[in-house]
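Whatever order the structure lists them in is the order used to number ligands and atoms, beginning at 1. All values derive from a computational prediction rather than experimental measurement.
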Amino acid sequence: MYTRQEIAPEKIEEQREICRRVRRLFPEGEVHRALVDTYGCQQNESDSEILRGWLRDMGYAMTEREEEADVIVVNTCAIREHAEMRVFGNVGSLIHLKRRKPELVVAVCGCMAQKEEIRQRIKNSYRLVDLCFGPHEVWRFPELLEQALAVHGKSGNQGRVFAALPCEGVVAEDLPRLRAGGVKAWLAIMNGCNNYCSYCIVPYVRGRERSRRFADVLREAEGLIAAGYKDITLLGQNVNSYGRDLAGNGDFPELLRAVSALPGDFRLRFMTSHPKDATEKLFAAMGECEKCMPQLHLPVQSGSDRVLKAMNRGYTAEKYLQQIEAARAAVPGLVITTDMIVGFPGETEEDFQQTLALVEAVQFDSMFTFIYSRRPGTAAAKLPDNASREEIQDRFDRLTALANAISERRHAECAGEEYRVLIDGAEGTGAYNLTARTEGGRLVHLKGDAGRVGEFVTARITGSNTYSLFGEIE
Ligand code: 5AD
Ligand code: SF4
């Protein structure tokens, strides 16, 4: 049984005091800059917002340019080997900068940093890294950075700070945050995962499921609405099990209703849902709450019952299809997306055909397709592979071709329709300078005044491709 570790407010206050101390290290008028580079999922994006919040409180200005940074934080993802290789490549390439600027502090954090073997590798082979800490340490980043600044440059390897306590999970409230943009906001409602899907590293690096209290989530949502955010996404590895770890706390559909009932002009979304826990109660809440958008990301991972069982997913293809039907019945205009893994150990051509059949049956609006990546320490890592790399690549290509054809067709069907969209960006290139989202979360490219970011408008769809729609503001 795991114990929830709530960080006392005094401990957070200590971190604030450290921020003030670090700020005093810099002479008046001297500008110090920090860069936070994020890999992986929205949960990591959310953690990076806290890291930036702490950095701001320590007196750092944010930059996107490595050359002008005094602190570079790389917030890593461990979900697939490819992501890890990219991190090692990019961290390694900072050596040139570090040679020119020895006082540069390089920090590696996030999911990779929670893994013992990765920390060893960084210790031994990436000596330019001054600070390394796991996701459970984000709440005390000021303390760690202060240590790194204090020992920095003095004694090479010995001066480096490594902090990634084996941890089941902390809950910390009232951390500072620096959010990007002013339209869309992530709101983390829980952390960690209890599911132990056999391929997945997340439960090992992010610890057990722990929910934030109802009142804390509502307070943060109110703050976001008051600050003008128009599109709020409730975040968790498995939002459907929200609240189960807290006696007397409401469940996820209740939270959805409560946030949705807050006054203000905003849209509400959530991710990610696990099919084993997505209930009719959830779909009913989605359908009934005016501010809850008709968007559901429901990762299925495979269409073969045999593979689903080996993945420890807790549902069958048939049950998944029933859920899709129930969700579509409860939520008109629902946009459904999914994640799919090909090449799981033991997957045969027949299993793969069942995956294709499921994709045909559901007609996902869009799909994220991944080639299975063996993660040491997970249950599936011990299973023997049977398909060759070429076979798996071929399955991947066939699956993406099918998924793309479906997305393209679904998008083409939107031509001539009018949608209520929220303009969320003005960084587009070419004639279509604005980006917007439909209620279902589809991306729409529009033309118009950059000053309209944050506005709700009606867009008439004039064109589309596999990934997005094009339209005109009415
Ligand atoms: N290999 C490939 N894909 C993976 N995912 C999680 N673990 C692995 C792995 N070991 C995918 C799943 C999940 C998404 C976030 O990443 O599809 O839903
Ligand atoms: Fe990557 Fe998973 Fe960590 Fe997100 S929680 S950063 S997907 S390993």
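- The shortest N/O to N/O separation between Ser373 and ligand 1 falls below 3.5 Å.
- Remark: ligand 1 atoms within the under-4.0 Å shell around heavy atoms of Tyr372 are 1 (N), 2 (C).
- Taking every non-hydrogen atom of Ile341 and a distance limit under 4.0 Å, the qualifying atoms of ligand 1 come out as 3 (N), 4 (C), 5 (N), 12 (C), 17 (O).
- Close approach of ligand 1 to Arg375 (heavy-atom distance below 4.0 Å) involves ligand atoms 10 (N).
- Under a 4.0 Å criterion applied to the non-hydrogen atoms of Gln301, ligand 1 contributes the atoms 12 (C), 13 (C), 17 (O), 18 (O).
- Here Tyr199 has heavy atoms under 4.0 Å from ligand 1 in both its backbone and its side chain.
- Note: Phe214 and Tyr242 have tilted aromatic rings, judged against thresholds of 30 and 60 degrees for the angle between ring planes.
- Residues Glu143 and Arg140 are paired through a salt bridge, judged by an N-O separation under 4.0 Å between the basic side chain and the carboxylate.
- Taking the charged nitrogens against the carboxylate oxygens, Lys115 and Glu84 do have a contact shorter than 4.0 Å, which makes a salt bridge.
- Using a 4.0 Å cut-off between heavy atoms, Ile371 contacts ligand 1 through its backbone alone, with no side-chain atom that close.
- Among Arg80, Gln237, His82, the residue whose heavy atom sits closest to atom 11 (C) of ligand 1 is Arg80.
- Between Asp394 and Arg398, at least one side-chain nitrogen of the basic residue sits less than 4.0 Å from a carboxylate oxygen of the acidic one, meeting the salt-bridge criterion.
- Ring geometry for Phe364 against Tyr320 counts as tilted: the plane angle lies between 30° and 60°, on a 0 to 90° scale.
- Contact check on Arg395 versus Glu391 returns a salt bridge, with a Lys/Arg side-chain nitrogen under 4.0 Å from an Asp/Glu carboxylate oxygen.
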